[in-house]
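Note that the structure is a prediction, hence the values are computed from the model and not measured.
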Amino acid sequence: MRILVARCEIAYHGRATTRLGAGDRVILFKDDGSLCVHAEKGYKPLNYMPGPTTVRQEDDVIRVYRPASDETLLIVLEEVHEDARHELLDDAVLEHDGLERQMHELLERSPELIEPGLVIVSRERFTDVGPVDLFCRDTDGRTVVVEVKRVRAVAAHVEQLTRYCQRVDLDPAHAPCRGILVAPEIAPQARVMCDARGYGYVAVTYDELKGEAAPELTLFD
């Protein structure tokens with residue numbers, strides 16, 4: 001990502017034609033080609049452009065063009081205060097803890113929805129890599145780590161489950177543990193990762209747990 005802090009003028013031509021006079025702004029050039037221009041105050045951008053775009057800079061003029069909609073954003077720099085580039089890594093998914101906690105509680109009351117004979121030992125068990133949602137034992141006495149998501153499970157969630165399992169396996173009393181991912185649905189890449197790592201997947205929604213619909217649960221070992 002490129003973060004440009006500069007005094008600049010901005011002209012836009014596309015769905016309308018606008019001009020923004022000179023002022024100090026923060027301009028974010030994101031890796032997917034999108035762009036946002038922010039003022040000192042407020043959370044809404046003054047200008048923005050969805051990606052993909054092409055960005056060309058000649059001296060103090062930056063031209064951003066989005067071919068899909070034939071939009072152009074022209075930025076004329078008067079003074080550059082800061083111009084920095086950063087390699088960012090963020091694969092986290094926004095989650096709503098309130099409903100997830102309720103899902104934990106409902107599954108704790110009915111662990112058989114995850115797997116017949118499963119016993120919940122503890123909920124939100126602390127580890128130094130984060131809390132394990134449901135710490136369980138199966139009918140064979142083997143430790144089972146269950147990660148619960150109220151949204152579609154993606155690769156980042158499988159990686160999260162992997163971190164928990166690896167941490168639990170450091171304790172000989174619980175190694176080797178099993179991993180199960182519980183979510184309403186699962187992305188194809190995440191499903192492949194689960195299969196490759198030997199994790200189970202249970203499809204269940206919050207509404208199903210509340211009894212608003214008959215749960216159709218399938219566990220893939």
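When hydrophobic side chains of Ile, Leu, Val, Met, Phe, Trp and Tyr are connected at separations under 4.5 Å, Leu88 ends up clustered with Met1, Ile3, Val5, Val26, Leu28. The hydrophobic cluster containing Leu74 also includes Val61, under a criterion of side-chain heavy atoms closer than 4.5 Å among ILVMFWY residues, counted directly or through chains of members.
Considering only heavy atoms from C-beta on, Val204 stays 4.5 Å or farther from Leu113 through its side chain. Residues Val37 and Cys8 fail the side-chain proximity criterion, which asks for heavy atoms closer than 4.5 Å. By the 4.5 Å heavy-atom criterion applied to side chains, Tyr199 and Leu181 are not counted as neighbours. Val202 has its side chain within reach of Val182: a pair of non-hydrogen atoms, C-beta onward, lies under 4.5 Å apart.
Residues that satisfy the side chain to side chain contact (heavy atoms under 4.5 Å, CB included) test with Pro184, not counting sequence neighbours, are Thr205. Legend: residues meeting side chain to side chain contact (heavy atoms under 4.5 Å, CB included) with Asp32, ordered by chain and number and at least two apart, are Lys30, Ser34. Residues passing the side-chain hydrogen bond (donor to acceptor under 3.5 Å, both in side chains) test with Asp31: none are found, sequence neighbours excluded. For Thr72, the side chain to side chain contact (heavy atoms under 4.5 Å, CB included) partners at least two apart in sequence or on another chain are Arg63, Tyr65. Applying the side-chain hydrogen bond (donor to acceptor under 3.5 Å, both in side chains) criterion to Gln166, with sequence neighbours excluded, gives no partner residue. Residues passing the salt bridge (charged side-chain N to carboxylate O under 4.0 Å, His left out) test with Arg109, sequence neighbours excluded: none. Judged as a side chain to side chain contact (heavy atoms under 4.5 Å, CB included), and not counting sequence neighbours, the contacts of Ala190 are Val158, Ile186, Ala187. Residues passing the side-chain hydrogen bond (donor to acceptor under 3.5 Å, both in side chains) test with Arg85: none are found, sequence neighbours excluded.
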Name every donor-acceptor pair, under 3.5 Å, that has one atom in a side chain of residues 39-51 and the other anywhere in the protein, sequence neighbours excluded.
none

Atom pairs and distances, donor-acceptor, side-chain atoms in residues 76-84, under 3.5 Å, two or more places apart:
unit_1 : atom_1 : unit_2 : atom_2 : d
His81  : NE2    : Asp24  : OD1    : 3.1
Asp83  : OD1    : Arg2   : NE     : 2.9
Asp83  : OD2    : Arg2   : NH2    : 2.8

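Using a cutoff of 4.0 Å between basic side-chain nitrogens and carboxylate oxygens, Glu185 and Arg191 are not scored as salt-bridged. Taking a cutoff of 4.0 Å between a charged side-chain nitrogen and a carboxylate oxygen, Glu147 and Lys149 qualify as a salt bridge.
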Go through the steps to decide whether Arg178 and Thr143 satisfy the test side chain to side chain donor-acceptor pair (under 3.5 Å), and finish with yes or no. CA-CA 6 Å; Arg178 296 172 51 213; Thr143 297; over 6 Å; no
**Asked** Hey, mind stepping through Arg152 and His157 against side chain to side chain contact (heavy atoms under 4.5 Å, CB included) and telling me if it holds?
**Response** CA-CA 9 Å; Arg152 188 188 198 207; His157 298 145; over 6 Å; no
- How far apart are the C-alpha atoms of Asp133 and Tyr164, what are their side-chain angles, what is the distance that settles it, and do they pass the side chain to side chain contact (heavy atoms under 4.5 Å, CB included) test? CA-CA 10 Å; Asp133 290 341; Tyr164 294 153; 5.8 Å; no
Item checked: Check against side chain to side chain contact (heavy atoms under 4.5 Å, CB included), Arg197 and Glu159 -> CA-CA 10 Å; Arg197 300 179 191 189; Glu159 294 291 358; 3.1 Å; yes
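Heavy-atom minimum distance, Gln57 versus Asp59: NE2-O, 3.2 Å. Of all non-hydrogen atoms in Thr139 and Gly117, the two that sit nearest each other are CG2-CA, 3.6 Å. Residues Leu134 and His104 share a closest heavy-atom pair of CD2-O, 4.1 Å. Contact between Thr53 and Gly33 at its shortest, heavy atoms only, is OG1-O, 2.5 Å. Heavy atoms only, all atoms of each residue included: Leu161 and Gly179 are closest at CD2-C, 4.1 Å. The two residues Arg137 and Leu118 have their closest heavy-atom pair at O-CD1, 3.5 Å.
Cluster membership check: Ile114 does not share its hydrophobic cluster with Val119, using side-chain heavy-atom separations under 4.5 Å among Ile, Leu, Val, Met, Phe, Trp and Tyr.
For Glu124 (side chain) and Phe126 (main-chain N/O), no donor-acceptor pair under 3.5 Å exists by modelled atom type. For Asp140 (side chain) and Arg142 (main-chain N/O), no donor-acceptor pair under 3.5 Å exists by modelled atom type. Proximity of a side-chain donor or acceptor of Asp169 to a complementary backbone N or O of Cys177 within less than 3.5 Å is detected.
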